[in-house]
**Student:** 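To start, I am sharing the structure in question, which I have written as structure tokens.
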Amino acid sequence: MSYSDNYSLASYGQMIEDTARLTPWREALRRHIHADSVFLDLGCGPGVMSFLAVQLGARKVYAIEPDASIEIAKRCAANIPGAERIEWIRGLSTEMDLPEPADIIAGDLHGNVPFYTHNIASLADARRRHLRPGGVLLPSRDTLYAVPASAPLELESIDAPWRKNTLNLDLSAALPWLVNRWWRARSQPAEAEQLLAEPQIWGCVDYRAEEECRGLDRTLEWTLARSGRVDGLYVWFDGEVDDGLGFSNSPLLPERVYGRAFFPLEHPVDTQAGDRMRTRMTVRRVNADWVYRWDTTITTANGQPKAAFKQTTFRMLPGELDNLRKSEAGHTPTLGEAGQIQQTILAQMDGQHSLTAIAHDLMQQFPKKFRTFEQALAEVASSSRRFG
């Protein structure tokens with residue numbers, strides 16, 4: 001799975017072609033936009049929602065996007081009638097005010113699951129600060145599901161390179177970290193018989209609720225309907241864009257652009273129809289990250305234990321624990337070399353020093369770090385693009 005905050009242009013293209021996703025969004029905009037509407041496109045990317053809004057007659061569109069895809073949107077706007085009514089704003093909606101409140105806000109900020117970077121917080125902030133009273137926020141809600149599955153190909157894609165590989169190297173010591181992560185499932189639909197029980201609702205993210213969703217914690221229980229090897233859990237969400245308009249990302253259907261998740265068990269478990277499986281699934285925010293936990297027990301129909309696992313993405317990779325300690329409120333930090341380099345650069349970004357001059361200064365102060373002028377200039381240029 002990807003932890004990147006940004007979509008690629010290729011993934012934006014896939015979103016445009018994903019008609020099962022785009023149709024409910026377009027119909028929701030058609031339902032709410034009228035000639036006097038002010039529309040806010042949250043995370044506009046290359047501008048598709050904004051272009052649909054002006055086609056539908058919106059009086060004003062504010063299109064906000066933190067990454068460079070907004071520059072593509074500006075170029076595409078030259079071919080879209082009415083695009084002069086769009087104001088393109090690069091940045092984070094949580095860090096800005098708008099000249100006027102919006103009548104409609106749309107933000108399709110999902111990842112494989114709704115708990116994707118700052119998706120939920122951004123929509124909650126937009127509803128509180130940017131939406132006029134009585135306005136409409138899209139989407140409405142996401143409902144998450146989980147089901148135990150026989151999915152050997154999912155598991156093999158995770159652990160095969162570490163258990164067996166063409167190099168004949170035993171890398172199985174990495175497996176405890178691999179099985180404490182969830183992964184984007186394969187794009188091919190699963191067969192119905194791979195799902196060993198009926199899906200259960202994990203929870204709901206209600207974007208229109210007054211209280212911002214800060215996680216889920218629910219114990220799910222299944223009586224297995226068929227025998228098979230349990231490899232893990234398929235997890236997905238059904239999205240409701242607006243009343244009666246939505247889509248499903250079930251593993252039995254063709255994959256939507258968002259993908260779906262696979263939560264592996266520590267190791268597969270052979271089960272029989274009638275066996276019982278119980279998983280407490282939790283997701284909550286820890287500092288800047290979403291932390292998942294799935295604790296599972298499997299028993300026979302008469303209660304004899306078969307397996308028990310405690311898995312969490314909080315299981316740190318070696319070295320990550322030190323970074324976590326640096327985030328604690330009581331930590332007293334000191335500036336490392338990387339910070340000293342940034343401090344040196346920022347202190348000279350005063351409108352009087354050229355990038356060349358700053359780069360030469362870096363080489364003098366940090367000769368082991370910057371052995372060539374090109375290295376130093378690249379570092380300064382990066383800071384200039386970010387902070388200048």
Side-chain angles (χ1 to χ4, degrees), residues 2-19 21-22 25-26 29 33 37-102 104-112 116-119 121-123 125-126 129-130 138-139 256-259 288 342 345-346 349 351 354-356 358-359 374 377-388:
S2 171
Y3 290 91
S4 171
D5 285 0
N6 300 322
Y7 293 98
S8 68
L9 274 180
S11 62
Y12 280 123
Q14 292 167 359
M15 294 172 77
I16 296 168
E17 290 296 308
D18 189 349
T19 55
R21 163 203 169 260
L22 193 58
W25 279 98
R26 183 174 55 197
L29 297 184
I33 289 178
S37 294
V38 176
F39 176 68
L40 170 56
D41 187 356
L42 203 62
C44 69
V48 172
M49 295 283 190
S50 295
F51 299 142
L52 288 175
V54 295
Q55 281 185 350
L56 292 168
R59 171 176 62 82
K60 181 70 177 181
V61 173
Y62 295 98
I64 300 177
E65 173 60 53
D67 73 32
S69 61
I70 196 171
E71 303 303 327
I72 301 297
K74 293 177 183 178
R75 285 159 176 77
C76 291
N79 299 318
I80 306 296
E84 67 277 0
R85 302 197 299 275
I86 304 173
E87 183 173 337
W88 305 99
I89 309 171
R90 186 168 181 180
L92 295 171
S93 62
T94 54
E95 298 176 355
M96 64 182 68
D97 295 317
L98 295 178
E100 57 187 324
I104 305 103
I105 296 176
D108 186 8
L109 310 178
H110 298 93
N112 301 146
Y116 176 72
T117 62
H118 302 287
N119 166 30
S122 295
L123 286 166
D125 175 78
R129 297 195 306 111
H130 299 311
L138 307 173
R256 302 275 67 78
V257 68
Y258 314 102
Q342 284 302 308
I345 296 171
L346 295 176
M349 287 175 57
S354 68
L355 299 190
T356 297
I358 302 173
E374 288 74 17
L377 183 61
E379 183 73 22
V380 177
S382 175
S383 296
S384 176
R385 290 191 298 270
R386 183 177 178 187
F387 301 111

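Only a predicted model underlies this, so the values are computations on that prediction, with no experimental measurement involved.
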**Student:** What's the spacing between D41 CG and F51 CZ if we round to 0.5 Å?
**Tutor:**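 Separation between the atoms: 9.5 Å.
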
**Student:** Can you list the residues that meet the side chain to side chain contact (heavy atoms under 4.5 Å, CB included) rule with S354, with sequence neighbours excluded?
**Tutor:**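 If we apply the side chain to side chain contact (heavy atoms under 4.5 Å, CB included) test to S354, skipping adjacent residues, the hits are T356, A357.
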
**Student:** Please set out all donor-acceptor pairs under 3.5 angstrom arising from side-chain atoms of residues 73-81, sequence neighbours excluded.
**Tutor:**
from, atom 1, to, atom 2, distance (Å)
R75, NH1, E71, O, 3.0

**Student:** Once rounded to the nearest 0.5 Å, what's the spacing between atom CG of L138 and atom CG of L40?
**Tutor:**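 Going from the CG atom of L138 to the CG atom of L40 covers 11.0 Å.
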
**Student:** Which atoms form the tightest heavy-atom contact between V54 and G82, and what is the distance?
**Tutor:**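 Of all heavy-atom pairs spanning V54 and G82, the closest is CG1-O, 3.6 Å.
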
**Student:** List in chain and number order the residues that pass salt bridge (Lys or Arg N to Asp or Glu O under 4.0 Å) with R256, two or more places apart in sequence or in another chain; answer none if no residue qualifies.
**Tutor:**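 Scan of R256 (salt bridge (Lys or Arg N to Asp or Glu O under 4.0 Å), adjacent residues dropped) gives D18.
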
**Student:** Side-chain contact, heavy-atom cut-off 4.5 Å: E17 with L22?
**Tutor:**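 No, side chains not in contact.
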
**Student:** For A106 and W25, which heavy atoms make the closest approach, and how far apart are they?
**Tutor:**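 Of all heavy-atom pairs spanning A106 and W25, the closest is CB-CZ3, 3.8 Å.
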
**Student:** Taking only residues two or more places apart in sequence or in another chain, which ones pass side chain to side chain contact (heavy atoms under 4.5 Å, CB included) with A53?
**Tutor:**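 A53 satisfies side chain to side chain contact (heavy atoms under 4.5 Å, CB included) with I33, F39, A58, V61 once adjacent residues are dropped.
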
**Student:** At what distance, to the nearest 0.5 angstrom, does SG of C44 lie from CH2 of W88?
**Tutor:**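 Interatomic distance, C44 SG to W88 CH2, rounded to 0.5 Å: 5.5 Å.
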
**Student:** So which heavy atom on D125 is nearest to which on S93, and how close?
**Tutor:**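 Shortest heavy-atom separation between D125 and S93 comes out as OD2-O, 3.9 Å.
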
**Student:** Mind jotting down which residue pairs meet the salt bridge (charged side-chain N to carboxylate O under 4.0 Å, His left out) criterion with at least one end in residues 76-86? Sequence neighbours excluded, please.
**Tutor:**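 Listed by first then second residue: nothing to list.
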
**Student:** Is H118 reaching over with its side chain to a backbone N or O of T94, donor-acceptor style, under 3.5 angstrom?
**Tutor:**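 No; zero donor-acceptor contacts below 3.5 Å.
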
**Student:** Any chance you could measure D108, atom CG, to R21, atom CZ, to the nearest 0.5 Å?
**Tutor:**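 Separation between the atoms: 4.5 Å.
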
**Student:** Rounded to the nearest 0.5 Å, what's the gap from OG on S37 to CG on L29? Could you check?
**Tutor:**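 So the gap between those two atoms works out to 10.0 Å.
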
**Student:** Which donor-acceptor pairs under 3.5 Å do side chains of residues 380-388 form with protein atoms, sequence neighbours excluded?
**Tutor:**
from, atom 1, to, atom 2, distance (Å)
S383, OG, Q342, OE1, 3.0
S383, OG, Q342, NE2, 3.1
S383, OG, E379, O, 3.4

**Student:** Please list all pairs meeting salt bridge (charged side-chain N to carboxylate O under 4.0 Å, His left out) that have one or both residues in residues 88-102, counting only residues at least two apart or in different chains.
**Tutor:**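 Qualifying pairs, neighbours excluded: R59-E100, D97-R129.
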
**Student:** Please name all residues satisfying side chain to side chain contact (heavy atoms under 4.5 Å, CB included) with I89, sequence neighbours left out, ordered by chain then number.
**Tutor:**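 Result, side chain to side chain contact (heavy atoms under 4.5 Å, CB included) vs I89: Y62, I64, E87, M96, L98.
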
